[in-house]
Colleague: 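Structure provided below as structure tokens; questions to follow.
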Amino acid sequence: MILGELADYYGQLLDEGKVGKEGWANEKVSYLVTIDYSGQVKSIFSIEKEEERGKRKVLVPDKRMVPIHSGRSGKTPKPYYLCDNAKYLLGVWISSNNQASDEKNKKQAGECFQASAEYHIKMLGNSEDKIAQSICSFFKTWDFDKNKDIFQVNWKEIEKANLVFRSYETSKEILANEEVRNIWNSSYVDSEGACIRRCLVSGKLAQVARLHPQFKGIQGANSSGAMLVSFNGSAFESYGKEQGDNAPVCQEVANAYGQALNYLLSDSGHHRQIGDATTVFWAKTEKSESAYVDFMSQLLDGEDENKEDKLLLAMSRIAAGEQAGYLETELNPDVPFYILGLSPSVARISIRFFYSGTFGKMISNIQEHYKRMEIESPVFEKKKFPSIRELLYETVNKKSTKKQPQPVLSGALMRAVLENRPYPAGVYNNMMLRIHSERKVNRNRAAFIKAYIIKNFTNKKEAADTMKLNEDTEYVPYVLGRLFETLEEIQFQAIDKETVKERYFNSASTTPSVVFPQMLRLANSHLNVLKRDKKGMHIKLEKQLSGLCNKIHSTFPKYLSLEDQGIFMLGYYHQQQERFSKNENKKEDNKENIKEQED
């Protein structure tokens, strides 16, 4: 299913000219090597372009449509046709001032260059075209050690970069030559030893792809490329079949899904990092796909807060089954949309999650998720809702060296949001663990706790389903959270310290009967200080304290379940935001009074 959808998307990209025909693909190229008809190198120069990345400008490779790079495995050199790194095309090796290491590097570079020379002479040697013959002459005459000092280039930078050739006489890149292209196209499908079987994806009888494409750009995977489909050991093979014959996918489909996925991974607009999963997404539409992709990108990752109001307005219309304008495009809720999460496994890629459905259905489910997370926010929070990536980050220990959520959490949370399923307990449990460890209930954590209780524990929905402070409920865990915040405020107003939170927060939210009596006795001492120094504050907080205690009609609970601990945190957060909002209102009133007096 995944390969089939990617292969279909390849057809869409091909029509738009974003990918090449079978046997061709976009690759990053950094340097042009100019040669004349005799094969002599005239110049080597960079074609990298300057781009802004954040606040700085960096040089990035240009993209060229070149013969497809099918991936390398094993120790045997495998050259690519007329676009390769400098080790293969020029025999470049870098001295390390260590004789043994230098000999090894030089030998390896020599073997790679020799393999490339034999390959290109075999491919182009029978052609009478001058351009084709110039390549053969180059490989017969070039010697890196003799020529490296002639050209003023940084060989260390060039070593791992991709290069292509350019003709000195025509001033055109050699891959633009029709004869050179035709030679590649006719040799791309090698029928020698090919196995003709029925393709599991297309259903056609066709040549089976022995090796599947490799993919770059997946965070944590092998930098040289990783495979989505591979059979690289006897343990993965059966019935005497080898490599791709074990799950026959034709060469045409392999090329199609490979080019499509590599395009998604290379285009920054089509992928985001969600936890450990490199998440790619695409829409099946004939026009304006970028608007759909940008819309979903903002919802999943939440990078641009300036777009949030437009997103929410468009979301409500799309969820209702109507078209909505976004980035000068009318978004159609019936457009098919796909989200694929890929996780690294060294030289392999594992599927973390895959969702397919209409754009409108996914947006509707995300809107339901947002509704459950509606909660009063601090004045400094400019965004109305945290993204999925931000929620996952709340499960991470900020002091750890690897600031990433557990791998299994990203897929589970994505599934819950996009399919409107119950939220994963793992995300909730890890978030509660961070709250107990840090003694901090911020907006993102409180919002998810609220959504989790509403969706997963409908019998306790009434206690949690409130955006602001619920002063009417007498649900004990919620009242205890409010009571704890009040005791914290009493101490702070009396002695300008918050040691109550440091000493009792975890115990109060898990075993209330153990610590609340002690805290109330401590509060009486603090109230006496307030009665002496801040009479108005004393009256206000004492009244609030007694009102909350009256809502607890029996003894304090011996312990709170994990979901009740969440409701405790929610009560604590709501009471805290109520206090902060009143303080902010007082500041605004004071500003208006001062302004009126000045006027």
Side-chain angles (χ1 to χ4, degrees), residues 368-378 385-386 391 394-395 413 416 422-489 500-501 504-516 519-520 544-545 547-581:
E368 290 298 315
H369 164 69
Y370 277 4
K371 285 180 179 178
R372 289 189 291 269
M373 289 208 306
E374 282 185 321
I375 199 166
E376 185 176 18
S377 300
F385 298 101
L391 289 177
E394 294 296 343
T395 67
L413 183 57
Y423 293 103
V427 176
Y428 178 78
N429 294 345
N430 277 272
M431 202 172 287
M432 291 297 293
L433 185 65
R434 297 317 319 151
I435 291 174
H436 283 299
S437 178
E438 300 168 13
R439 300 174 184 84
K440 182 179 180 181
V441 188
N442 59 24
R443 190 281 302 266
N444 292 356
R445 290 170 177 174
F448 182 76
I449 288 171
K450 175 177 178 284
Y452 180 82
I453 299 298
I454 291 172
K455 183 68 176 177
N456 293 37
F457 296 91
T458 52
N459 60 324
K460 297 182 180 182
K461 178 179 178 180
E462 186 178 349
D465 195 2
T466 172
M467 181 177 174
K468 296 185 177 182
L469 179 66
N470 186 349
E471 296 184 350
D472 297 326
T473 185
E474 294 187 355
Y475 190 68
V476 174
Y478 186 86
V479 175
L480 288 175
R482 293 183 61 195
L483 180 58
F484 186 90
E485 201 282 334
T486 301
L487 295 171
E488 184 183 345
E489 174 66 3
V500 164
K501 187 175 184 178
Y504 300 115
F505 184 80
N506 290 340
S507 298
S509 60
T510 53
T511 54
S513 63
V514 175
V515 296
F516 267 100
M519 291 170 61
L520 288 171
Q544 183 175 312
L545 180 64
L548 290 171
C549 288
N550 289 335
K551 290 179 179 292
I552 303 173
H553 302 296
S554 58
T555 57
F556 291 108
K558 290 184 177 180
Y559 67 92
L560 296 181
S561 62
L562 197 57
E563 59 269 20
D564 280 338
Q565 289 177 40
I567 296 175
F568 175 99
M569 304 304 178
L570 200 56
Y572 174 86
Y573 175 83
H574 278 151
Q575 187 66 51
Q576 191 178 59
Q577 292 309 309
E578 178 73 7
R579 173 163 57 88
F580 289 159
S581 62

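Here the structure is a predicted model, which means the values were calculated and not measured.
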Colleague: Quick check for you: to the nearest 0.5 Å, what is the distance between Leu548 atom CG and Glu471 atom CD?
Modeller: 9.0 Å
Colleague: Enter the distance from Tyr478:OH to Thr473:OG1 here, rounded to the nearest 0.5 Å.
Modeller: 7.5 Å
Colleague: For Tyr475 and Asp564, which I'm curious about, is there any donor-acceptor pair between the side chains at under 3.5 Å?
Modeller: yes
Colleague: How many angstroms lie between atom CE of Met373 and atom CG of Asn444, to the nearest 0.5 angstrom?
Modeller: 8.0 Å
Colleague: Is the shortest side-chain N to carboxylate O distance from Glu485 to Arg579 below 4.0 Å?
Modeller: yes
Colleague: Is a donor on one side and an acceptor on the other found under 3.5 Å between the side chain of Lys450 and the backbone of Arg372?
Modeller: yes
Colleague: Just to verify, what does Glu438 make a side chain to side chain contact (heavy atoms under 4.5 Å, CB included) with, not counting sequence neighbours?
Modeller: Lys398, Arg434, Lys440, Arg445
Colleague: Taking side chain to side chain contact (heavy atoms under 4.5 Å, CB included) as the definition, give me every residue that meets it alongside Ser509, ordered by chain and number, with sequence neighbours left out.
Modeller: His436, Phe568, Met569
Colleague: By side chain to side chain contact (heavy atoms under 4.5 Å, CB included), which residues pair with Val500, not counting sequence neighbours?
Modeller: Phe484, Gln491, Tyr504, Met519, Leu522
Colleague: Are the ring centres of His369 and Tyr423 closer than 6.0 Å?
Modeller: yes
Colleague: Tell me if a side-chain donor or acceptor on Gln577 pairs with a main-chain N or O of Glu376 at a distance below 3.5 Å.
Modeller: no
Colleague: Does Ser561 form a side-chain contact (heavy atoms from CB on, under 4.5 Å) with Lys460? I'd like the steps, not just the answer.
Modeller: CA-CA 12 Å; Ser561 62; Lys460 297 182 180 182; 3.8 Å; yes
Colleague: Do any N or O atoms from the side chain of Thr511 and from the backbone of Ser507 form a donor-acceptor pair under 3.5 angstrom?
Modeller: yes
Colleague: Look up atom CG in Leu570 and atom CZ in Arg482, then write down how far apart they are to the nearest 0.5 Å.
Modeller: 11.5 Å
Colleague: When rounded to the nearest 0.5 angstrom, what distance separates NZ in Lys455 from CG in Asp465?
Modeller: 12.5 Å
Colleague: Classify the side-chain pair Glu394/Asn442 by whether it contains a donor and acceptor separated by less than 3.5 Å.
Modeller: yes
Colleague: Quick check: does any side chain N or O of Asn470 sit under 3.5 Å from a backbone N or O of Thr466, one acting as donor and the other as acceptor?
Modeller: no
Colleague: Check salt bridge (Lys or Arg N to Asp or Glu O under 4.0 Å) between Lys468 and all other residues, then give those that pass, not counting sequence neighbours.
Modeller: none
Colleague: Before you tell me yes or no, could you show the steps for Ile435 and Val441 under side-chain contact (heavy atoms from CB on, under 4.5 Å), namely the whole-Å CA-CA distance, both residues' side-chain angles and the distance that decides it to 0.1 Å?
Modeller: CA-CA 6 Å; Ile435 291 174; Val441 188; 3.9 Å; yes
Colleague: Quick check for you: to the nearest 0.5 Å, what is the distance between Tyr428 atom OH and Asn456 atom CG?
Modeller: 9.5 Å
Colleague: Under the side chain to side chain contact (heavy atoms under 4.5 Å, CB included) test, which residues partner Leu520, sequence neighbours left out?
Modeller: Leu487, Leu545, Cys549, Phe556
Colleague: Just to verify, what does Tyr573 make a ring pair (Phe, Tyr, Trp, His ring centres under 6.0 Å) with, not counting sequence neighbours?
Modeller: none
Colleague: Is there a donor-acceptor pair under 3.5 Å between the side chain of Lys501 and the backbone N or O of Arg439?
Modeller: yes
Colleague: Side chains of Tyr452 and Glu563: do they bring a donor and an acceptor to under 3.5 Å?
Modeller: no
